[in-house]
Protein chains: 2
Amino acid sequence: MKITIKDVARMANVSVSTVSRVINNSPTVGSDIRQRVLDVLEATQFRPNAIARTLVKNNSSLIGVLLPEIKNNVLDDMVEGINQVARLYGYDVVIALSGGNAESELHYYNLFREMQASGIIVSASGIRDSLFELIEASQIPCILVGRDFREKSIPSVHVDNVSAAYEAVTYLIQQGHRDIAMLRGAQGDISAGNHRFQGYEQALTAAHLPVRAERVLESALSVEEGAASMRKLYESGPLPSAVFCATDRIAIGAMNFLAEIGVKVPEQVSFFGFDDIDMTVIIRPKLSTVRYSASELGMVAARNLIKLIRGEELSAFHWSVSHQLKIRDSIARLK
Amino acid sequence: MKITIKDVARMANVSVSTVSRVINNSPTVGSDIRQRVLDVLEATQFRPNAIARTLVKNNSSLIGVLLPEIKNNVLDDMVEGINQVARLYGYDVVIALSGGNAESELHYYNLFREMQASGIIVSASGIRDSLFELIEASQIPCILVGRDFREKSIPSVHVDNVSAAYEAVTYLIQQGHRDIAMLRGAQGDISAGNHRFQGYEQALTAAHLPVRAERVLESALSVEEGAASMRKLYESGPLPSAVFCATDRIAIGAMNFLAEIGVKVPEQVSFFGFDDIDMTVIIRPKLSTVRYSASELGMVAARNLIKLIRGEELSAFHWSVSHQLKIRDSIARLK
DNA sequence: TTACTTTCAGAAAACCTTTTCTGGATGTGC
DNA sequence: GCACATCCAGAAAAGGTTTTCTGAAAGTAA
């Protein structure tokens with residue numbers, strides 16, 4: 001049998017209202033009675049039913065975070081950032097994992113809605129249009145993370161993927177590379193990959209280099225898929241002099257494949273990654289990559305979501321987080 | 001203004017009870033009226049308030065998962081496993097991240113309690129005694145994962161860390177190693193590390209080898225800490241011929257440190273890891289390690305938690321999940 | 001037709017809090 | 001001693017849903 005506020009009231013010989021007032025630190029209760037209630041509270045280890053409280057207050061103080069998966073190393077830091085500012089403002093954050101599955105995605109988004117979450121943060125890699133429509137239709141505060149959605153009607157925070165990719169590829173060009181391939185994310189699935197591809201395109205074009213379709217391969221984000229894509233590239237003709245990868249994991253898989261067949265990095269092929277996960281400095285050669293702060297991503301998202309919840313004015317509708325190139329050992333300078 | 005079941009009832013010209021019955025597929029409503037309600041439901045996109053429902057049903061169908069962090073690669077697979085069976089049985093799973101912080105740990109555990117979660121799964125690495133007492137005191141179904149708690153009163157599922165470590169270290173001994181160091185997790189913090197250390201001790205003792213305190217170093221679970229511990233070991237005297245590490249991440253960090261100072265693995269020092277994360281086959285030499293199925297861990301936990309929730313008889317109180325040695329290139333055979 | 005059962009929808013209670021409203025007791029100013 | 005304000009605690013309403021209870025209408029058997 002679960003203990004309720006009624007039980008506490010009975011045991012302390014006061015009304016339920018009084019108990020509630022003590023729990024919520026209302027000053028309008030005498031110190032002797034307050035102490036009596038406090039004692040019972042302590043003795044019973046009573047925790048108020050948040051469900052009932054949310055119902056009457058019509059406010060859950062809950063922020064839902066919807067992620068596709070967590071293997072992706074950057075998400076841990078991001079959630080950490082969200083947690084940090086959310087807790088500061090008195091919100092709790094709970095996470096749901098969609099497994100990258102459209103049905104799950106909708107299910108958990110709706111769960112957050114039904115749980116009366118105050119707001120929702122959606123990690124946008126892999127997000128489907130169906131979820132989009134739902135977000136736009138429902139009036140619950142929501143922020144997208146990790147994907148550049150300048151064109152859309154939902155506020156978002158992201159790395160400026162286009163610029164970052166542009167800078168990375170331009171660096172490769174400056175090092176003398178002319179035949180630069182790209183291992184991008186799957187076309188429809190991850191929009192960050194799309195934007196990184198745009199940056200790649202723009203950099204080549206700006207340098208009057210051709211963008212050749214056979215030099216651009218799709219790959220899922222995993223190490224294994226990176227290796228598979230690299231194999232395809234290898235088998236399809238002469239090796240490019242450099243490869244720009246949509247994520248570090250793809251790059252690591254690709255480099256590993258080359259190592260196994262005896263191709264030397266960076267002597268024969270140079271590599272550029274994206275994300276700066278911890279393994280970039282473990283593998284040999286150390287991977288050059290684009291670094292950004294995932295926790296900052298989370299903090300900006302949480303901060304603005306809370307503004308949205310409170311009905312405050314937003315300073316902007318889309319924010320980006322700074323990035324920088326980390327040049328390490330995976331790039332050869334061509335004369 | 002939020003739309004409620006009352007609004008739907010009014011619009012369909014029926015009572016709220018009838019709407020509720022339609023939503024919950026009660027057969028006791030005529031087909032013409034049902035259709036009328038269904039139409040309004042469709043038109044309004046109404047979602048019942050889960051908060052109110054939980055309050056009256058006294059059943060949330062929610063499983064809370066409390067994790068220290070998610071950078072640890074195995075947790076993703078574990079949650080995947082939990083999700084899979086939970087959804088099968090009609091439960092939703094939400095995750096909270098404690099950041100390995102005692103206060104957060106209690107906070108989120110209590111949040112799950114207050115949210116009337118049907119059950120809770122706690123990933124036990126890093127768990128504090130305060131949380132323990134709380135779990136034992138509250139009568140809400142709970143299962144511990146990832147740590148061997150045979151001695152405790154809370155049901156748990158885990159890898160048999162003692163045996164697995166015993167087998168790994170015994171393998172090293174069979175390969176001719178006599179001076180085997182261990183990089184274990186921090187003493188109090190991670191109990192899996194404790195049990196893995198026990199296995200290490202037992203294997204040495206069984207082979208009549210001494211367990212020398214200066215050969216056992218504590219290390220947090222990260223790559224960076226693994227490197228730091230290895231540096232300490234290196235500076236404290238002659239190198240051991242083999243190192244058994246409590247996790248792959250520690251091993252990877254340690255091996256990387258040796259690579260940087262020019263010590264050859266496995267020629268000069270052999271390595272054994274634990275977890276079989278994806279990077280074990282990427283680094284050179286490929287790391288020998290202990291493999292187990294994290295998703296199985298999650299599935300067993302979820303399955304038994306649901307039994308507990310339903311009040312069914314448990315087949316056991318502690319379960320273990322199978323493991324196997326993955327022998328790769330990080331171990332030299334000594335003559 | 002009568003008496004009875006069956007079908008189906010509405011009324012109302014219940015779930016557990018918070019909060020407004022009410023009113024009794026006490027204190028204050030004249 | 002009276003009018004009034006102040007303080008504090010209890011009563012009750014509210015929040016949105018589910019479910020039991022009730023009862024009207026329709027159907028069935030004699």
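Each chain gets a letter, A, B and so on, in the order the sequences are listed, and its residues count up from 1. Being a predicted model, the structure only gives us computed values, none of them experimental.
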Within the 4.0 Å heavy-atom criterion, would you say [X] contacts the bases, only the backbone, or no part of the nucleic acid?
| X | answer |
| --- | --- |
| Ile33(A) | sugar-phosphate |
| Thr18(A) | sugar-phosphate |
| Asn49(B) | sugar-phosphate |
| Ser17(A) | base |

Side chain of [X] only, heavy atoms from C-beta on: which candidate in [options] is closest?
| X | options | answer |
| --- | --- | --- |
| Ala52(A) | dC16(C), dT17(D), dG10(C) | dC16(C) |
| Arg21(A) | dA9(D), dC15(C), dT19(D) | dA9(D) |
| Val29(A) | dG10(D), dG16(D), dA9(D) | dA9(D) |

Does atom CD (Glu312(B)) have a neighbourhood of more than 12 heavy atoms from anything else shown, all under 6.0 Å? yes

Taking the side chain as C-beta and beyond, is there a heavy-atom pair between Asn24(A) and Ser20(A) under 4.5 Å? yes

Interatomic distance where [atom1] belongs to [X] and [atom2] belongs to [N] [whole Å]:
| X | N | atom1 | atom2 | result |
| --- | --- | --- | --- | --- |
| Asp32(B) | dA9(C) | CG | P | 7 Å |
| Asn58(B) | dA13(C) | CG | P | 21 Å |
| Lys6(B) | dT17(D) | NZ | P | 9 Å |
| Asn59(A) | dG16(D) | CG | C1' | 16 Å |

Pairing of Arg36(B) and Asp39(B) as salt bridge, 4.0 angstrom limit: no

Between the side chains of Asn101(A) and His107(A), is a donor N or O closer than 3.5 angstrom to an acceptor N or O? no

